[in-house]
Amino acid sequence: MKFFIVKKKIVFLVLIVALCSFFLTFSSNGTVFASVYFGESMKLYPIYKVDTQKKDIAITFDAAWGADKTKEIMDVCDEYGIKATFFLVGIWIEEYTDLTKEIAERGFEIGSHSYNHPDLTKLDIQEMQTEIIKTNNLIKEVTNQTPALFRAPFGAYNNALISTLSKLNMTGIQWDVDTLDWKGYGPNQVLSRVLNKVSNGSIILCHNNAEHVVENTRLLLTSLQNKGYNFVKVSELVKDVKEVKIGIGKL
């Protein structure tokens with residue numbers, strides 16, 4: 001009986017070690033992507049937030065359809081002295097080329113959000129690369145800047161995507177604070193959601209054409225600055241990240 005109990009404990013400990021083992025995969029740009037070992041598979045993760053003592057956070061806007069509120073978003077950000085990060089879809093860039101150029105010229109950051117906004121986890125590697133590279137080339141052509149950040153449509157990613165981004169010297173960026181503004185939520189609803197979730201190193205997800213995005217942005221910037229948070233671009237937030245564990249960038 002004692003042997004049986006000891007054996008069960010040993011098996012349990014082995015399972016815990018296996019489930020919690022981290023393996024670090026180095027990319028060519030120096031970022032270390034963490035993977036968690038589960039039997040024969042290793043799960044790779046993008047960055048959801050950054051583990052930092054600084055009260056730095058980033059506000060981001062995904063742009064896939066529509067653009068009538070984008071200039072107002074930039075105006076509000078400029079009014080508060082901050083620069084947001086815009087993740088742009090390739091077909092959006094083609095339709096709003098001048099606006100894309102203006103985003104860059106006004107000092108806002110541009111990341112890639114794929115070309116057609118598909119679920120990349122349903123594509124093969126070649127199709128995945130085409131979605132990313134085609135948009136990168138568009139951004140380079142319009143702004144003369146090479147994007148280093150990528151946000152997966154629908155937040156859907158897998159090992160193939162993270163590995164592909166690594167080979168392209170890009171960093172996968174998710175979010176830990178979702179405003180859900182695409183549901184039509186107004187300023188008070190959005191602010192309540194954000195205040196319940198935001199912390200040092202947070203990345204906030206908004207959409208450039210959400211119904212109340214301009215009012216939401218103004219209230220978020222006011223409230224979060226009053227709480228001592230400092231808004232930075234995503235690239236500034238993650239620049240010192242050396243490894244990624246379960247989606248959290250570790251400095």
Side-chain angles (χ1 to χ4, degrees), residues 46-49 57-80 82-104 106 108-120 131-132 135 138-139 142-143 147 149-157 172-198 202-224 229 231-235 237 247:
I47 296 175
Y48 286 79
K49 66 173 297 185
I57 58 177
I59 188 167
T60 67
F61 298 89
D62 288 1
W65 300 276
D68 59 295
K69 302 176 180 69
T70 305
K71 287 190 178 184
E72 288 184 86
I73 293 170
M74 290 191 286
D75 289 343
V76 171
C77 288
D78 281 341
E79 181 182 333
Y80 284 79
I82 74 123
K83 296 299 180 183
T85 299
F86 287 82
F87 288 95
L88 308 182
V89 168
I91 55 175
W92 190 94
I93 295 171
E94 290 177 335
E95 185 171 358
Y96 303 105
T97 302
D98 289 341
L99 186 54
T100 300
K101 186 178 298 184
E102 182 177 343
I103 291 171
R106 292 178 64 168
F108 292 87
E109 183 168 51
I110 294 177
S112 171
H113 195 34
S114 81
Y115 181 74
N116 284 301
H117 204 270
D119 181 342
L120 295 174
E131 281 283 332
I132 299 168
T135 303
L138 274 171
I139 294 172
V142 174
T143 70
L149 306 175
F150 181 86
R151 174 169 283 162
F154 312 107
Y157 66 90
I173 302 296
Q174 296 281 89
W175 60 88
D176 68 306
V177 182
D178 189 349
T179 62
L180 293 182
D181 56 359
W182 57 272
K183 290 187 174 184
Y185 287 170
N188 291 332
Q189 290 172 293
V190 165
L191 180 62
S192 177
R193 284 189 57 81
V194 171
L195 291 181
N196 284 334
K197 297 176 180 292
V198 71
S202 281
I203 299 173
I204 302 171
L205 170 64
C206 306
H207 295 82
N208 76 307
N209 217 42
E211 183 179 359
H212 302 290
V213 65
V214 176
E215 308 98 285
N216 293 347
T217 300
R218 184 179 297 280
L219 184 57
L220 285 178
L221 298 188
T222 298
S223 300
L224 293 173
Y229 285 106
F231 286 91
V232 298
K233 300 175 184 176
V234 171
S235 62
L237 189 66

So, the side chain of Glu131 versus the backbone of Asn116: is there a donor-acceptor pair under 3.5 Å, distance only?
yes
Could you tell me which non-hydrogen atom of Ser202 sits nearest to which non-hydrogen atom of Leu237, and how far apart they are?
O-CD2, 3.8 Å
Between the side chain of His207 and the main-chain N/O of Asp62, is any donor-acceptor distance below 3.5 Å?
no
Classify the side-chain pair Tyr229/Ser223 by whether it contains a donor and acceptor separated by less than 3.5 Å.
no
Between Glu94 and Tyr115, does any side-chain donor sit less than 3.5 Å from a side-chain acceptor?
yes
What do you reckon, are the aromatic ring centroids of His117 and Trp65 less than 6.0 Å apart?
yes
Do any N or O atoms from the side chain of Asn216 and from the backbone of Tyr185 form a donor-acceptor pair under 3.5 angstrom?
yes
Among Thr135, Ile110, Ile103, which one satisfies side-chain contact (heavy atoms from CB on, under 4.5 Å) with Ile93?
Thr135
Rounded at 0.5 Å granularity, tell me how far CG in Leu220 sits from CG in Leu191.
6.0 Å
Would Asp75 and Arg106 satisfy salt bridge (charged side-chain N to carboxylate O under 4.0 Å, His left out), going step by step from the backbone distance to the final call?
CA-CA 10 Å; Asp75 289 343; Arg106 292 178 64 168; 2.7 Å; yes
Point-to-point distance, once rounded to the nearest 0.5 Å, from CZ of Phe61 to OG1 of Thr85
9.5 Å
Do Phe150 and Ile173 have side chains that approach each other closer than 4.5 Å (heavy atoms only, starting at C-beta)?
no
To the nearest 0.5 Å, how far apart are OG1 in Thr217 and CD1 in Ile59?
5.0 Å
Would you mind reporting whether Leu99 and Met74 have side-chain heavy atoms less than 4.5 Å apart?
yes
